[in-house]
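Atoms within a ligand are numbered from 1 in the order they appear, just like the ligands themselves.
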Amino acid sequence: METTDNGLDFVRAAVRDDIAHGRVPEDVHTRFPPEPNGYLHIGHAKSIVLNFGIAHEFGGRCNLRFDDTNPTKEDVEYVESIMEDIRWLGYDWDDRLYYASDYFEQLYEWAEYLIGKGLAYVDELSAEEIREYRGTPTEPGKNSPWRERPTEESLDLFRRMRAGEFSDGTYILRARIDMAHANINMRDPALYRIRHAHHHRTGDAWCIYPTYDYAHGQSDAIEGITHSICTLEFENHRPLYDWLIENLPVPSTPRQIEFARLNLTYTVMSKRKLLRLVQEEYVDGWDDPRMPTVSGMRRRGYTSEAIREFCRKIGVSKTNSTVDLALLEFSVREDLNARAKRYMAVVDPIKLTIRNWPEGTVDWFEAEYSPDDPSAGSRQIPFTGDLYVEREDFMEDPPRKWFRLAPGKEVRLKYAYYVTCEEVVRDTDGGVTELICSYDPESRGGEAPDGRKVKGTLHWVSRTHAVPAEIRLYETLFDRENPDEVEEDEDFTAAINPDSLTIQNGFCEPALQDLPIGEPVQFLRMGYFVKDSRYSRQDAMVFNRTVGLRDSWARVVRNKRENE
Ligand code: ATP
Ligand code: MG
């Protein structure tokens with residue numbers, strides 16, 4: 001993060017300076033301007049946290065403005081999901097909900113104004129010719145033969161464009177700036193295009209639509225936005241932004257400030273690519289728990305507090321970079337550790353049967369919901385001689401430093417007793433199906449009276465009480481840090497990780513049946529989980545693993561590998 005002496009990032013420092021120099025007439029006023037052509041993702045969250053955060057910190061306001069100037073890709077489904085996601089992230093635009101399409105009439109009038117001033121003209125070169133005439137970064141462009149068209153003629157054609165007399169692509173309104181300008185965006189950029197398309201708000205009222213560059217700054221000015229914060233790719237558009245504001249009779253003078261967009265490892269963030277993942281059914285929707293969308297993260301069990309904290313940690317800077325996904329997961333784990341109640345569930349079960357357990361007896365144990373916070377309370381969990389434990393907690397032929405179950409090994413079952421593995425039962429293929437153990441009745445509560453120590457403590461559920469649950473484990477959706485790093489004849493879908501979702505049929509302690517959807521829990525030793533909002537039912541629970549805990553055995557394996 002780039003910060004000033006008093007710890008402000010460069011955007012906030014610029015806002016503070018503008019206030020100090022009297023350049024902010026009333027309050028600081030920002031906006032978040034999504035295009036409703038997809039669901040919001042974690043990159044948008046960064047922009048939301050920045051825009052609403054700055055408004056809040058400087059006692060100002062932040063608008064929500066749908067930048068709906070491209071009718072063909074936009075939809076009300078997206079409008080609604082975007083509003084839901086912003087609210088869920090903890091922000092509120094109050095009564096300041098706007099649409100760029102609300103300004104179409106005003107934008108049209110200003111376009112006529114520019115034509116009247118000789119600052120815009122109707123061109124009839126084809127799209128291809130316009131590209132050819134534009135030049136390159138090193139060579140100047142050429143003037144269109146229609147550039148000197150009389151004002152009256154441009155005005156007439158522009159009105160007829162609006163009236164629907166022409167088909168798509170035949171005419172275009174361009175600003176008249178400088179075809180030799182060093183900045184290509186200043187070489188007579190497009191202001192209006194003909195597009196006979198139905199718009200999700202204005203219906204068929206328009207068949208010409210303003211370009212992003214034309215609509216955006218003017219919408220800012222209409223709303224009295226003081227700081228128009230956007231991502232770095234618009235830096236080269238700033239001269240055009242300023243040119244339009246200077247040359248139009250707009251009611252205010254917003255300032256554009258650019259910051260680096262968020263990129264994350266193992267993640268694609270372009271809405272075009274996210275849409276393909278949905279349409280081609282690599283995922284089960286925009287809110288699939290593997291998607292980097294706000295709705296996907298919510299369904300996965302990420303909290304809004306964790307996302308906001310992540311955005312705070314990464315800060316804002318002026319250079320593009322890629323943030324490690326592990327930092328996002330760290331923020332989630334940190335937040336869930338503080339709030340999630342602890343339960344026991346076995347994700348990949350194997351039977352454990354206690355040979356010397358008094359037949360038919362149920363022993364109840366008091367189990368606290370939080371190891372650090374007694375006020376979180378506790379519940380009773382039933383223990384019997386018929387249990388499930390985690391398959392990965394047993395190893396037939398373990399290496400040194402294995403403190404879990406193995407033939408002849410003694411372990412502690414959390415809250416309950418010490419057990420020793422005495423026998424292994426197999427199916428006809430030789431797979432282990434059951435562990436026969438003995439227990440030490442003296443070790444009730446997890447301490448042996450003779451002071452005998454065991455290192456491993458395992459989680460378990462009682463088979464007679466356990467409730468089945470589908471448990472969904474996730475890995476990253478892509479198998480490499482940069483999903484765009486693919487062979488020449490491939491696209492990003494070649495980087496999809498075939499193991500991104502594993503479905504397990506596990507068992508939970510009965511108390512979890514009453515858990516509301518959306519409430520995060522920790523399954524001891526297995527990670528943080530949440531009931532899936534799409535698939536989970538009262539009588540058929542489905543859990544998503546939000547994020548794992550750090551696994552001490554995985555660390556041993558890793559250290560060992562590194563030391564070899
Ligand atoms: P795409 O290019 O995938 O369509 P976009 O940037 O055009 O995405 P918008 O809906 O226009 O998406 O974005 C709304 C706001 O969010 C803009 O101000 C944009 O700069 C910001 N934004 C989008 N992606 C990111 C990102 N990865 N990091 C930070 N801000 C972002
Ligand atoms: Mg955009």
Between the main-chain N or O of [Y] and the side-chain N or O of [X], is there a donor-acceptor pair closer than 3.5 Å?
X	Y	value
Asp168	His196	yes
Arg65	Arg31	no
Arg545	Ile471	no
Ser331	Leu327	yes

Could you tell me, atom by atom, which parts of ligand 1 come under 4.0 Å of a heavy atom of [X]?
X	answer
Ser270	3 (O)
Phe259	29 (C), 30 (N)
Pro33	14 (C), 18 (O)
Thr231	20 (O), 29 (C), 30 (N), 31 (C)
Glu35	9 (P), 10 (O), 11 (O)

Flag [X] as yes when one of its N or O atoms lies below 3.5 Å from any N or O atom of ligand 1, and as no otherwise.
X	result
Leu262	yes
His44	yes
Gly43	yes
Arg261	yes
Asp67	no

Ring geometry between His237 and Phe234 (parallel below 30°, tilted from 30 to 60°, perpendicular above 60°): perpendicular
Tyr192 ring center near Tyr214 ring center (under 6.0 Å): yes
Ring centroid separation Tyr108 to Phe158 under 6.0 Å: yes
Whether Phe234 lies under 4.0 Å from ligand 1, heavy atom: no
Sub-4.0 Å heavy-atom contact, Lys273 with ligand 1: no
Atom pair OG (Ser144) and CZ (Arg176), whose distance is rounded to the nearest 0.5 Å: 10.5 Å
Ligand 1 contact on Arg272 by region, counting heavy-atom pairs under 4.0 Å: neither
Salt-bridge criterion met for Glu74 and Arg201 (N-O under 4.0 Å): no
